[in-house]
Protein chains: 2
Amino acid sequence: MELDERKLKILQAIIRTYLDTGEPVGSRTISKYSDLKLSSATIRNEMADLEEMGYILQPHTSAGRIPSDKGYRLYVDTMLEAKESEVNSLREEIEEKAGKLDDVLKQVAKFLAKNTNYATMVSAPRYQTKHVKFIQITSVDPEHLLVVIVLDNNIVKNKMIRVDAEVEEEMIVKLNFILNTTLNGLDLVEINLVLIQKIKEQMGAYGAVIDSVLDVIGKTLVDEEDPEIYTSGATNILKYPELSDKSKAAEIIGAFEDKETFHSWLGLPDREMNSDTHDIQVYIGDENHVDSMKDCSMVTATYQIEEGVYGKIGIVGPKRMDYDKVVGTLNSLMGQLDDIFKEK
Amino acid sequence: MELDERKLKILQAIIRTYLDTGEPVGSRTISKYSDLKLSSATIRNEMADLEEMGYILQPHTSAGRIPSDKGYRLYVDTMLEAKESEVNSLREEIEEKAGKLDDVLKQVAKFLAKNTNYATMVSAPRYQTKHVKFIQITSVDPEHLLVVIVLDNNIVKNKMIRVDAEVEEEMIVKLNFILNTTLNGLDLVEINLVLIQKIKEQMGAYGAVIDSVLDVIGKTLVDEEDPEIYTSGATNILKYPELSDKSKAAEIIGAFEDKETFHSWLGLPDREMNSDTHDIQVYIGDENHVDSMKDCSMVTATYQIEEGVYGKIGIVGPKRMDYDKVVGTLNSLMGQLDDIFKEK
DNA sequence: TGTTAGCACTCAACTTAATGGAGTGCTAAT
DNA sequence: ATTAGCACTCCATTAAGTTGAGTGCTAACA
């Protein structure tokens, strides 16, 4: 059977209506609503075909039809209208909270949740390559050394370490020199035991301090592997009856709470992305790789802070989410984010 | 009417049973359950009295009784058994994740939520007095200066600032010297325009850099005002039918998401606390100052990291929460936290 | 005088049956 | 190819009945 123009139009009408109401939609509704001048009987025939083809389904005999995952998929792939959304306010909202990236991302999550009425999450960028650019150790007071590490992407980490006895100024200078010359430009895997041993030898009695320092460096580099995720509007899920069933809702909202969940699949763009399109992806129902999301749809987009530094944004809602609006908002948002990051 | 021993025992039995089942409890149940050897009829008489006194109430005629807020209050104040809970695992669980305070607190929130099956939040400590202890400026690369600020509680903050032209080594040394001698020991309000002007004069052409640096300092000190709050187990709320009504649940879980909510009332201990008791407080129903929590109970405790540095822990659940267990767990937890912080 | 057995009464919760209506599939007419 | 018409299905809603846990009251009892 072929999916001709008319069938497509009817399918589109069905999905549109369903997105609106969340109720199964019947032939009569379509007959009246859509601009095709067809009787309900004709629509019924077409619907039967569409059902056979797997684009729509009936919750039970004598009910209207609802889109299947396959139907949604077709809709998203071919029928989205590129409606330009007006997301102008965001820019100002974000910029007044200037400051750190964390804050910006938190704002973005909040903004999206508020605007779309779905649940959102934003992953902080994951830096692919991390090399030590600069290390500095300072004596803050007799009992504490401060270790500051700058990575080659200008991320700064610091940690206090406690020492038993004051370390002489002279030793600190030496320590700084050795660490910087030895470790500069290296990444985590390149700092191996041989190297560590070599440094320790040079420092003689202060070998113990070295251990602490290297420990900090190790933690720092590993730490970066683990990007922060900001979420907002998880309770929006409760607004959609088809998801607000107690056990489902708990599972979904729980997933938002336990941010670990997202790491695996929100982590990195699957493939080299075209930085113009922002790689907006839609996952419908079973297309989600996580069980707890199989009754939801999720739209993700990738943003870029600088060369090789990506983060992701995800929006989770019911399968009947307003894809038009979400994709539009996301698109417009990405553009503004680009601008913001370019300025920095 | 007087609240004699027997009435108290009956009330206690009622509350215990209700905490268990969540169902209104009838006279017959009590007559069988409790060790007082009384017939249901007698219990009924006493119940009528207890109701008149306001300790229990009937959802409707011909239903059993449930505790009123006043009843819970009496129970909590006088009838809690000091059951020692076995919270031994926590210590290890936390310590292997050693590291930063943030991580510890996150762990604590998670641990509590998992153990109690209620929703929990932990506020990071708020430092009352913040003075600059140490400032260090370093040239990381020709375009970037790194500003590191250590506060007197050993909190470290850092920020990169971009400069148009490389700053000479000599100037940086001078800058460090001036900043440290001038600002050491001062807090935010003490750094005023007069002082700023004075510093600028000394730095001559590098006045602009000073601005950036002071900006960072300002942001750092203000930032600390705003304590982080870690939450966990918000979805546990959905486990209790009396709270999992859609609108209620959304309100409560939403409150957990929007952490701002808690600042006002989770902020600081109300009064000078006895560091032994950890100031465990129970708020029942309307006793909560926040509307969205009026159907819940909340137990809070205060922990101390060092002299004058407090944080709070809160557990939110249904009014029929297992106060015994919560207070016990909290108590035991606080002890362990004390130990952990003492070590540091 | 405090306790208890007994009984009539109440009321939410559950069960069952009846009704209505939205929607379908099929057939025959256009 | 399209449509009007009709019989059929099945969910949702309502109404009526049934059940059972629980109460309050009274009268008997120790």
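All values below were derived from every heavy atom in this structure, side-chain atoms included, with hydrogens, water molecules and symmetry-related copies excluded. Just so it is clear: chains get the letters A, B, ... in the order the sequence lines come, proteins before strands, and each one is counted from 1.
- Minimum interatomic distance between Ser297(B) and Asn288(B) (heavy atoms only, all atoms of both residues): CA-ND2, 4.2 Å.
- Ile43(B) CD1 to Leu36(B) CG: the interatomic distance, rounded to the nearest 0.5 Å, is 6.0 Å.
- Position along DNA chain C of the nearest nucleotide to Arg65(A) versus Leu38(B) favours Leu38(B) as the more 5'-ward residue.
- Contact annotation: Thr42(A) side-chain N/O to dT3(D) OP1/OP2 distance is under 4.0 Å.
- Among Leu38(A), Leu11(A), Thr17(A), the single residue meeting the side-chain contact (heavy atoms from CB on, under 4.5 Å) criterion with Ile30(A) is Thr17(A).
- Close approach of DNA chain C to chain B, defined as any atom under 4.0 Å from a non-hydrogen atom of the protein, starts and stops at dT3(C) to dA12(C).
- Glu23(B) places its CD atom 13 Å from the C1' atom of dG22(D), with the value rounded to the nearest Å.
- Within 4.0 Å of Ala63(B), counting heavy atoms only, lie sugar-phosphate atoms of the nucleic acid but no base atom.
- Rounded to an integer number of Å, the gap from Ile43(A) CD1 to dT2(D) P is 10 Å.
- Between the NE2 atom of His60(B) and the P atom of dA21(D) there is a distance of 13 Å, rounded to whole Å.
- With the nearest nucleotide of DNA chain C identified for both Thr61(B) and Lys37(B), Lys37(B) has the one nearer the 5' end.
- For Arg65(B) and Tyr18(B), the side-chain atoms include no donor-acceptor pair closer than 3.5 Å.
- Annotation for Ile15(A) and Gly71(A): closest pair CD1-O, 3.6 Å, computed over non-hydrogen atoms.
- Between Thr235(B) and Gly254(A) the shortest heavy-atom distance is CG2-N, 3.5 Å.
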Open item on the list: Wobble G-U and Watson-Crick pairs count when both distances are under 3.5 Å; given that, what is the 5' to 3' dot-bracket string of DNA chain D, with | for pairing to other strands?
Closed with: ||||||||||||||||||||||||||||||
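- A straight line from CD1 of Ile30(B) to P of dG22(D) spans 10 Å, rounded to a whole angstrom.
- The side chain of Ser39(A) places an N or O atom within less than 4.0 Å of a non-bridging phosphate oxygen (OP1 or OP2) of dT3(D).
- The nearest whole Å value for the distance from the NZ atom in Lys32(B) to the P atom in dG22(D) is 9 Å.
- Among residues two or more places apart in sequence or in another chain, the ring-ring contact (aromatic ring centres under 6.0 Å, His included) test is passed with Tyr118(A) by Tyr240(A).
- Nearest heavy-atom pair across Leu243(B) and Asp295(B) is CD2-O, 3.4 Å.
- When every heavy atom of Thr300(A) is checked against every heavy atom of Lys312(A), the shortest pair comes out as OG1-NZ, 4.1 Å.
- Between the P atom of dT26(D) and the CZ atom of Arg44(B) lies a distance of 14 Å, rounded to the nearest Å.
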